[in-house]
Structure formats: C-alpha cells, structure tokens
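Data block below; observations after.
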Amino acid sequence: MLQQTRVDQARPYFERFMASFPTVSVLASEELDAVLKHWEGLGYYSRARNIHAAANIVREHYGGYLPDDPDSLRQLPGIGPYTAGAISSIAFGRPVPAVDGNVVRVLSRLFMVDMDTRSSRDRRDAEPLANRLVDPQRPGDFNQSLMELGATICTPYTPACSRCPIQSSCMAYRSERVDDFPVRVERKRAPIVNHIAALAINGNGKILMVRRPTEGLLGGLWEVPQESLADEARPEEAAVLMMQKYDCTRVRTADLGMVRHAYSHFKVSATVFRIDVDCPHGDSETRKWMLPEQIDELATTGITKKMLGLLTGEHPQ
DNA sequence: CAGCCGTGGTT
DNA sequence: TAACCAAGGCT
C-alpha cells in the first residue's frame with residue numbers, strides 16, 4: 001500500500017485490510033473482487049491484484065509465511081527492490097538497504113550526487129550508499145529513519161535544514177546547494193481526453209454498471225458505460241450510439257453536465273448523460289443493473305463516483 | 001527502458 | 001489552478 005503512496009493516505013486502508021484479511025492464507029482464499037473493494041480509492045490497483053497473487057504463492061510455496069531474504073521476496077509479484085529491502089530489514093531484521101524516493105533525495109543531498117528520485121537506475125545506484133550506512137544492529141529502524149527524514153525534514157521543496165539532525169554532515173547544505181539536489185527531470189504534460197458517459201437507467205430505476213477488463217487501467221473495477229469521444233462527434237449522439245453496443249434502446253436523454261478527472265498520465269473531461277433505456281439483457285459477469293443504493297457493493301472508480309454524484313446533485317462541478 | 005499505472009495533498 | 005509529488009513495480 002505504501003508504494004508511491006503516503007502513509008496517511010494508506011493507513012485507513014491498511015486497518016480495514018488487516019481486519020478483513022488477517023493472514024496470508026485468508027487473503028489467498030478471498031475473491032479478487034473482495035480485495036479490490038478494500039483497495040477502492042487507493043489507486044494503482046495492480047497492487048491489489050499482485051498482493052492477492054503473491055498471497056497464493058506464499059501459501060503454496062512457503063506455508064503461508066513470507067521468506068526473509070530480499071532475493072526470494074523479489075520473486076513475488078508486486079515486490080521490487082524497495083519492498084524486498086523494506087520487508088527484509090523491517091520485518092526480519094536483515095541488514096539490507098531499502099531505497100525509496102525519500103532515501104534517494106536524502107542521499108543525493110548528503111553526498112551531493114546527481115540523482116533523480118524517480119529513476120529506477122538511480123535508485124539502484126543509491127543502494128550501495130545506503131548499504132554502507134545501514135546500522136546492522138537495527139536495520140529496520142535505520143531504514144525507516146532515513147525515509148522519515150526525507151518525508152518530514154529533507155523534503156522536496158523548502159527542506160527544514162535548520163532542524164536536520166545530520167545537517168553538519170550534509171555536503172549540499174555545507175555548499176549551500178541543497179536546492180540543486182536531487183536533479184529535477186521535467187515530466188511530459190498529461191494529455192486531455194474527451195469522454196462521453198451514460199448513466200443508463202431502465203424501467204425499474206436500475207443503473208447499468210459494467211466491469212473493466214482485469215488487466216490495465218483500473219483493472220477489474222466497475223464503472224458506468226463510457227468511452228472516448230472522437231473530436232468531430234457530437235456528445236449526445238455518441239452517447240446514444242454507445243448504448244446500442246449494450247443492446248439498449250434510448251427512451252429519453254438528459255444532459256447532466258461535465259466531469260473532470262486526472263489519472264497518472266492523462267486527464268479526462270467527460271460529458272455525462274442520463275439516458276432512460278429499454279434493455280433486454282440482465283446481469284452477467286461484466287454487467288449489472290443496480291439500484292443507486294446497491295452500487296456501494298461494487299468497487300468503482302473515482303470518476304464514476306463523480307458521475308453518479310451528478311444524478312443526485314451532489315458535488316456539482 | 002520509457003511508458004503505463006490512481007489518488008489526494010502541497011506548492 | 002496547474003503542476004508537482006508521494007514508503008514503486010511491471011512490461
């Protein structure tokens with residue numbers, strides 16, 4: 001959960017997750033949908049799929065208990081160099097480094113080395129430095145201290161050097177060049193994609209929910225029918241056309257307005273319609289008709305919650 | 001190996 | 001408000 005995610009954001013998810021899945025074996029025996037529901041809203045849903053798959057491997061190959069060495073941990077889905085080092089040092093007391101973005105930033109300033117916190121190569125190159133520093137008596141506490149220093153004192157912008165416990169050892173500080181480290185690599189601008197979405201409601205007042213493919217963006221989560229809008233297309237016509245793919249016939253259409261949402265590498269601007277429909281098909285593995293109060297049973301996406309909010313007038317944008 | 005993969009707080 | 005960033009991993 002902590003991969004690319006702040007502690008404060010993950011904490012409530014962690015509490016609920018551990019309450020529901022207290023052991024590896026329990027987690028392994030759960031349906032993926034139940035795991036995804038616990039991950040709903042946390043993002044990077046491949047982590048949920050990976051930890052579920054990893055739990056099954058650990059149950060089969062390790063009797064339900066994680067191995068203690070980084071190389072074995074590294075073989076499990078979702079566990080890379082950082083997580084392997086973190087588990088091995090924190091949970092098992094092994095004297096190995098755990099290099100996350102915080103650690104790269106701290107080491108970059110401490111030794112005044114050009115490094116990019118996001119670069120996997122720079123993270124790898126930082127491991128020998130961290131390995132040299134790690135306290136063999138308390139490797140877990142040391143690694144967490146280094147990360148915590150980066151998260152609270154040695155921050156990306158306006159670091160609190162005056163309160164830093166290793167200020168006198170910091171080469172960047174002594175050279176008055178803290179702001180020059182780590183190196184900042186400019187990112188690509190996220191493109192904006194136009195979508196149309198349909199809150200399709202049948203004669204029973206139920207809304208059509210569809211399940212996304214298990215792999216890829218928001219894999220396995222539920223959403224309302226939506227698709228990208230061709231530049232020349234008219235939104236309302238495109239939405240009605242989209243409903244035909246679900247064998248639904250339009251009865252009435254109402255424009256509910258716009259919804260915006262930012263993903264990791266693109267942005268969506270969606271035009272949302274309420275479309276009352278006649279539809280012959282019932283539920284299946286990938287589509288369900290649900291009353292508004294039932295939708296909470298499903299793991300849904302952030303933009304879907306915004307769209308459904310338009311139906312009841314909540315949080316208009 | 002560069003791009004894919006979420007969401008929410010901070011600047 | 002738009003951009004940046006976060007206890008990264010996978011392909």
Side-chain angles (χ1 to χ4, degrees), chain A residues 1-14 36 39-51 53-54 70 73-91 96-107 116-127 130 139-152 154-160 179 182-193 212-221 223 260-269 299-306 315 317:
Chain A
M1 286 182 181
L2 292 174
Q3 291 169 354
Q4 204 67 12
T5 304
R6 290 185 171 84
V7 174
D8 286 342
Q9 187 181 355
R11 179 176 287 112
Y13 286 85
F14 176 76
L36 282 174
W39 217 272
E40 180 186 34
L42 193 55
Y44 286 143
Y45 299 94
S46 65
R47 296 179 297 178
R49 303 194 294 270
N50 284 334
I51 199 173
L73 289 163
R74 194 70 184 70
Q75 302 303 313
L76 298 169
I79 297 184
Y82 160 73
T83 306
I87 295 174
S88 190
S89 65
I90 297 171
V96 297
V99 178
D100 72 338
N102 289 308
V103 172
V104 171
R105 185 171 55 255
V106 170
L107 296 179
D116 170 13
T117 60
R118 296 295 298 270
S119 159
S120 57
R121 180 172 55 192
D122 287 354
R123 288 196 181 196
R124 186 190 64 205
D125 291 347
E127 283 191 8
D141 288 344
F142 176 85
N143 286 336
Q144 291 189 73
S145 298
L146 215 50
M147 290 187 279
E148 194 70 4
L149 183 66
T152 60
C154 196
T155 51
Y157 298 99
T158 60
D179 290 340
V183 298
R184 300 184 193 283
V185 178
E186 61 179 278
R187 305 180 180 192
K188 284 189 172 180
R189 265 184 46 191
I192 297 177
V193 180
R212 296 181 60 88
T214 304
E215 301 300 321
L217 180 71
L218 305 165
L221 274 68
E223 64 182 7
R260 298 178 195 284
H261 195 77
Y263 293 99
S264 53
H265 57 297
F266 68 101
K267 300 176 180 178
V268 169
S269 178
T300 60
T301 75
I303 194 172
T304 295
K305 294 183 189 304
K306 293 180 184 176
H315 316 299
Q317 298 195 352

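By convention in this document, chain letters (A, B, ...) are assigned in the order of the sequence lines, proteins followed by strands, and residues within each chain are numbered from 1.
Within the structure, every side-chain polar atom (N or O) of A:His265 is placed at least 4.0 Å from both OP1 and OP2 of B:dG3. Here A:His261 reaches the OP1 or OP2 of B:dT7: one of its side-chain N or O atoms lies under 4.0 Å away. Residue A:Lys267 places at least one side-chain N or O under 4.0 Å from the OP1 or OP2 atom of C:dA3. Contact annotation: A:Arg187 side-chain N/O to C:dC5 OP1/OP2 distance is under 4.0 Å. Close to B:dC4, at under 4.0 Å from its OP1 or OP2, lies no side-chain N or O of A:Tyr263.
Nearer the 5' end of DNA chain B, as judged by each residue's closest nucleotide, is the contact made by A:Arg121, out of A:Arg121 and A:Leu217. Toward the 5' end of DNA chain C, the nearer of the two residues A:Leu76 and A:Gly150, judged by each one's closest nucleotide, is A:Gly150. Heavy-atom nearest nucleotides on DNA chain C were determined for A:Gly78 and for A:Gln9, and the one closer to the 5' end corresponds to A:Gln9.
Taking CZ from A:Arg184 and OG1 from A:Thr117, the interatomic distance works out to 9.0 Å, rounded to the nearest 0.5 Å. Annotation: the span from A:Ser46 atom OG to A:Ile51 atom CD1 amounts to 11.5 Å, rounded to 0.5 Å.
Nucleic acid contact class of A:Ala98 (heavy atoms, under 4.0 Å, all strands): none. As judged by a 4.0 angstrom heavy-atom cut-off over every strand, A:Tyr157 is placed among residues touching the sugar-phosphate backbone only.
Looking at heavy atoms from C-beta onward, A:Glu127 lies in side-chain contact with A:Pro81 at the 4.5 angstrom threshold. Side-chain contact between A:Thr301 and A:His261 is absent, with no heavy atoms from C-beta onward closer than 4.5 Å. Taking the side chain as every heavy atom from C-beta outward, A:Glu223 and A:Ile303 never approach each other to under 4.5 Å. Looking at A:Gln4 and A:Tyr44, their side chains come closer than 4.5 Å, going by heavy atoms from C-beta outward.
Contact of A:Thr5 with B:dG6 (side chain to base): a donor-acceptor pair of N or O atoms is detected under 3.5 Å. A donor N or O paired with an acceptor N or O is not found under 3.5 Å between the base of C:dG9 and the side-chain atoms of A:Arg47.
The A:Ser264 side chain lies nearest to B:dC5 when the options are C:dA6, B:dC5, B:dT7. Checked against B:dG6, C:dA6, C:dC10, the side chain of A:Pro156 finds its nearest nucleotide in C:dA6. When each of C:dG8, C:dA6, B:dC5 is scored by its nearest atom to the side-chain atoms of A:Gln3, the top-ranked nucleotide is C:dG8. Looking at the side chain of A:Arg105, the nearest of the listed nucleotides C:dC5, C:dA6, C:dG8 is C:dA6. When the nucleotides C:dG8, C:dA3, C:dA6 are ranked by their closest atom to the side chain of A:Arg189, C:dA3 comes out on top.
A heavy atom closer than 4.0 Å to some atom of DNA chain C occurs in A:Pro81, A:Tyr82, A:Thr83, these being the qualifying members of residues 81-89 of chain A.
The interatomic distance linking A:Arg260 (CZ) with B:dT7 (C1') rounds to 18 Å, in whole Å. Nucleotide C:dG9 holds its P atom 13 Å from the CH2 atom of A:Trp39, rounded to whole Å. Rounded to an integer number of Å, the gap from A:Asn143 CG to C:dG8 P is 13 Å. Computed from coordinates, the A:Arg123 CZ to C:dG9 P distance equals 7 Å when rounded to whole Å. At whole-Å resolution of the value, CG in A:Leu42 and C1' in B:dG9 are 14 Å apart. What separates CG of A:Asn102 from P of C:dC5 is a distance of 13 Å, to the nearest Å.
Residue A:Phe14 places its CZ atom among 12 or fewer non-hydrogen atoms of other residues, nucleotides or ligands, all under 6.0 Å distant.
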